[in-house]
Structures are given as C-alpha cells and as structure tokens.
Amino acid sequence: YVQLVESGGGSVQAGGSLKLSCKVSGYIANSYCMAWFRQPPGKGREGVASIWTTDGRTNYVPSVKDRFTISQDNAKNMVYLQMNSLKPEDTGTYYCAASGCYGLRPLYRYWGQGTQVTVS
C-alpha cells in the first residue's frame, strides 16, 4: 500500500520561500522517479520538477528553473521542493507523485493529496 503525503504548504508574500516535503510509505520499486506537480485555481495540472531516485537527475519546467530545487533523501523516503523567489503565479495546489519515470508528464501511478501554496 503506497501512500504519498505532502506537507509544507502555506501562504507567503511574493519573493518569499517555502519548502514542501513528500513522505513516501510503502515499496514502489528499486528504481523509480518522483515529481512535483501543481494546479492553479481553475487551471490544469502541470509538472514542476522531477527527480530520478537512482542517480539524482532532475528536470524543471522553465518557469521555475533557478528558483525551485527538487531533492531527495532516499534513506528517509522523502522528496523535497525548495521554492524561492515565489511569485503570485506559483499559487496552486502542489502534488507529489511517484512511480516509473515520466519526467514532467502527468502519468505517475501514485499521487499525494496535495498541499496548498498561496503567493500574494
């Protein structure tokens, strides 16, 4: 039984920072990927960042490049998203995802419940 639980969301002013966390419970695979997606109010879901758990390779949507950093702690089964220089357009529900590697495509098998991020 695989579960992903996000935490760390909140409300910040433009220019501020937040660090999201995703805790993975249960076995996925020896080699898999994790990713962060977000969904602004009234809009579709988009991939934000992904990471290959085996070698640490990352990918980012251009709009967050150099502002957001995805990282992992395999020993703790955790993935993080450090978000700096936040902008109002970063507002949305952020979701953690995990399974085989799909980069920024919304094809992951496992998803968290989401955590709210509001930038004013």
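Below, each value reflects all heavy atoms present in this structure, side chains not excepted, and no hydrogens, waters or symmetry copies.
Looking at heavy atoms from C-beta onward, Thr118 lies out of side-chain contact with Val12 at the 4.5 angstrom threshold. The side-chain heavy atoms of Lys23 and Val79, taken from C-beta on, include no pair separated by under 4.5 Å.
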Would you sort out whether Ser50 and Asn59 count as a side-chain hydrogen bond (donor to acceptor under 3.5 Å, both in side chains), showing the intermediate values? CA-CA 5 Å; Ser50 65; Asn59 191 26; 4.6 Å; no
Yes or no on side chain to side chain contact (heavy atoms under 4.5 Å, CB included) for Phe68 and Thr58, after CA distance, side-chain angles and deciding distance? CA-CA 11 Å; Phe68 291 10; Thr58 59; over 6 Å; no
I would like to know whether Val117 and Met83 meet side chain to side chain contact (heavy atoms under 4.5 Å, CB included); could you show each step before the answer? CA-CA 10 Å; Val117 172; Met83 305 185 293; 4.0 Å; yes
Test Gln116 against Thr93 for side-chain hydrogen bond (donor to acceptor under 3.5 Å, both in side chains), laying out the working first. CA-CA 5 Å; Gln116 299 294 321; Thr93 302; 2.6 Å; yes
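Taking each heavy atom of Leu20 and Trp36 in turn, the nearest pair found is CB-CH2, 3.6 Å. Shortest non-hydrogen contact noted between Thr54 and Ser31 is CG2-OG, 3.4 Å. What you find for Val119 and Thr91 is that their closest heavy atoms are N-OG1, 2.9 Å. Taking both residues in full, the closest heavy atoms of Phe37 and Ala35 are given as CE1-CB, 3.7 Å, listed atom of the first, atom of the second, then distance. The two residues Thr69 and Tyr60 come nearest to each other via the heavy atoms CA-OH, 3.4 Å. In plain terms, the two heavy atoms of Ser99 and Leu107 that are nearest each other are OG-O, 4.4 Å.
Checking Tyr80 against Gln82 by side-chain atom types alone, no donor-acceptor pair falls below 3.5 Å.
Under the 4.5 Å side-chain heavy-atom criterion for ILVMFWY residues, a single connected hydrophobic cluster contains both Leu18 and Ile51. No continuous path of ILVMFWY side-chain contacts below 4.5 Å connects Tyr108 to Leu81, so the two sit in separate hydrophobic clusters.
Sorted by first then second residue, the disulfide bond (SG atoms under 2.5 Å apart) pairs that include residues 64-94, not counting sequence neighbours, number zero. Residues in residues 24-60 take part in these disulfide bond (SG atoms under 2.5 Å apart) pairs, two or more places apart or across chains: Cys33-Cys101. Within the structure, salt bridge (Lys or Arg N to Asp or Glu O under 4.0 Å) pairs that include any residue of residues 73-86 do not occur (at least two apart or interchain). Residue pairs meeting the disulfide bond (SG atoms under 2.5 Å apart) criterion with at least one member in residues 59-98, sequence neighbours excluded, are Cys22-Cys96.
Scanning for side chain to side chain contact (heavy atoms under 4.5 Å, CB included) contacts around Thr53 gives Tyr32, Met34, Gln72, Asn74, with sequence neighbours left out.
Counting non-hydrogen atoms of neighbouring residues, nucleotides and ligands closer than 6.0 angstrom, the CD atom of Glu89 exceeds 12 such neighbours.
Residue Gln3 holds its CD atom at 11.5 Å from OH of Tyr110, rounded to the nearest 0.5 Å.
Side chain of Glu6 to main chain of Gly114: a donor-acceptor pair is present (N/O by atom type, distance under 3.5 Å, no hydrogens or angles).
Using cut-offs of 30° and 60° on the angle between ring planes, the pair Tyr95 and Trp111 is perpendicular.
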Donor-acceptor contacts, no H, no angles, side chain residues 39-47, under 3.5 Å, sequence neighbours left out:
unit_1: Gln39; atom_1: NE2; unit_2: Lys43; atom_2: O; d: 3.0
unit_1: Glu46; atom_1: OE2; unit_2: Arg38; atom_2: NE; d: 2.7
unit_1: Glu46; atom_1: OE2; unit_2: Arg38; atom_2: NH2; d: 3.1

